[in-house]
Novice: 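One structure coming up, written as structure tokens, with questions to follow.
Heads up: numbering here begins at 1 and tracks the sequence.
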Amino acid sequence: MKPKIICISGGSGSGKTFLSKNIINTFTKRKTVLIQQDAYYKDLSHLKFEERINNNFDHPESIDINLLEKQIKKLSKGKNINIPMYDFTKHIRLKNTNYISNANLIIVDGIFALYYKQLHKFYSIKIYIETPKEIRLQRRINRDISKRGRSLKSIINQYNETVLPMHETFIMPSKKHADIIINGDNTINKIMKILKPKIDSIIL
């Protein structure tokens, strides 16, 4: 059977990865894999570190869309891929990769997952999570301090200077392409009650 691909988009901190993992835990009988757009940030190792940290990571051009499209296309045909690994503390692509094989349910998770129209043809369901900006900011703060070694000041500055403007320019308008718009302020049980029948309909 041809693999089914679910797109989950929304602003940074909207709950995309949390939802993705709940879908994986719900559909345990299928070989479900998560493809995170963040793994496809362009390698900035050719730049000095001071230049890397000033890159706009919330602009669509920060993503290696050619590689992302190529690998999603392979997965859609049942082929295997090696997903890049990215070091968010140094802003470089690592030599190691994650090998993915035999996937029959694929989740593509990312802020630009709906923005890139060339990916739409691969999606069976397109989901957008709409979450209040205050919640998104707090989740981003928690993540970047604990997992990316960043200071509170730098996180808030980046949020105000690039994250929020790019969200309003590129990400929020992309929700018009969604099949389902989810309230990210809802409990995960309420969200899955809406989504599970939709996903069941494409895999049964």
Novice: Let me see the working for I141 and L137 under side-chain contact (heavy atoms from CB on, under 4.5 Å), right down to the final yes or no.
Specialist: CA-CA 6 Å; I141 289 171; L137 173 57; 4.0 Å; yes
Novice: Please state whether the rings of Y123 and H120 are parallel, tilted or perpendicular, taking 30° and 60° as the class boundaries.
Specialist: tilted
Novice: Applying the side-chain contact (heavy atoms from CB on, under 4.5 Å) test to I6, which of I127, T32, L195 qualifies?
Specialist: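 Answer to the side-chain contact (heavy atoms from CB on, under 4.5 Å) test with I6 among I127, T32, L195: I127.
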Novice: Could you measure the distance from the CD atom of E50 to the CD1 atom of I53? Nearest 0.5 Å is fine.
Specialist: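 One finds 6.5 Å between CD of E50 and CD1 of I53.
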Novice: For the pair H177 and K117, evaluate side-chain contact (heavy atoms from CB on, under 4.5 Å) and give the outcome as yes or no after the intermediate values.
Specialist: CA-CA 9 Å; H177 302 298; K117 292 182 181 178; 3.7 Å; yes
Novice: Go through the steps to decide whether I171 and Y128 satisfy the test side-chain contact (heavy atoms from CB on, under 4.5 Å), and finish with yes or no.
Specialist: CA-CA 10 Å; I171 302 164; Y128 183 92; 4.1 Å; yes
Novice: Whether the N80 and Y99 side chains hold a donor-acceptor pair (N or O, under 3.5 Å, no angle test) is what I'd like checked.
Specialist: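 On atom types as modelled, these side chains qualify, holding a pair under 3.5 Å.
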Novice: Ignoring hydrogens and angles, state whether a donor on the side chain of D87 or T89 is under 3.5 Å from an acceptor on the partner side chain.
Specialist: yes
Novice: Should V163 and F88 be counted in the same cluster of Ile, Leu, Val, Met, Phe, Trp and Tyr side chains packed under 4.5 Å apart?
Specialist: no
Novice: Salt bridge check, K121 against E69: does any charged N sit closer than 4.0 Å to a carboxylate O?
Specialist: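 Yes.
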Novice: Applying the side-chain contact (heavy atoms from CB on, under 4.5 Å) test to F122, which of V108, L75, I5 qualifies?
Specialist: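 That would be I5; it is the only one of V108, L75, I5 passing the side-chain contact (heavy atoms from CB on, under 4.5 Å) with F122.
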Novice: Tell me whether I181 is reachable from L19 by hopping between hydrophobic residues (I, L, V, M, F, W, Y) whose side-chain heavy atoms are closer than 4.5 Å.
Specialist: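 No.
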Novice: Would you find a donor on one side and an acceptor on the other, under 3.5 Å apart, between the side chain of R139 and the backbone of G13?
Specialist: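 Judged by distance alone, yes, a pair lies under 3.5 Å.
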Novice: Any luck finding a side-chain donor-acceptor pair between Y116 and Q37 under 3.5 Å?
Specialist: no
Novice: Under a 4.0 Å N-O cut-off, is there an ion pair linking D43 with R93?
Specialist: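 Salt bridge between D43 and R93, a charged N being under 4.0 Å from a carboxylate O: no.
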Novice: Between D64 and K42, is the closest basic N to carboxylate O distance under 4.0 Å?
Specialist: no
Novice: Counting neighbours of NZ on K31 that are heavy atoms of other residues, nucleotides or ligands and sit closer than 6.0 Å, is the number greater than 12?
Specialist: yes
Novice: For the residue pair S20 and T17, confirm or rule out a side-chain donor-acceptor distance under 3.5 Å.
Specialist: no
Novice: Yes or no on side-chain contact (heavy atoms from CB on, under 4.5 Å) for N183 and E130, after CA distance, side-chain angles and deciding distance?
Specialist: CA-CA 5 Å; N183 180 358; E130 196 162 40; over 6 Å; no
Novice: Assess the pair H91 and Y41: is the distance between their ring centroids shorter than 6.0 Å?
Specialist: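 Between H91 and Y41, the centre distance exceeds or equals 6.0 Å.
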Novice: Go through the side-chain N and O atoms of N142 and Q138 and say whether any donor and acceptor fall under 3.5 Å apart.
Specialist: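 Per modelled atom types, N142 and Q138 side chains form a pair under 3.5 Å.
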Novice: Determine whether the side chains of S12 and R140 contain a donor N or O and an acceptor N or O closer than 3.5 Å.
Specialist: yes
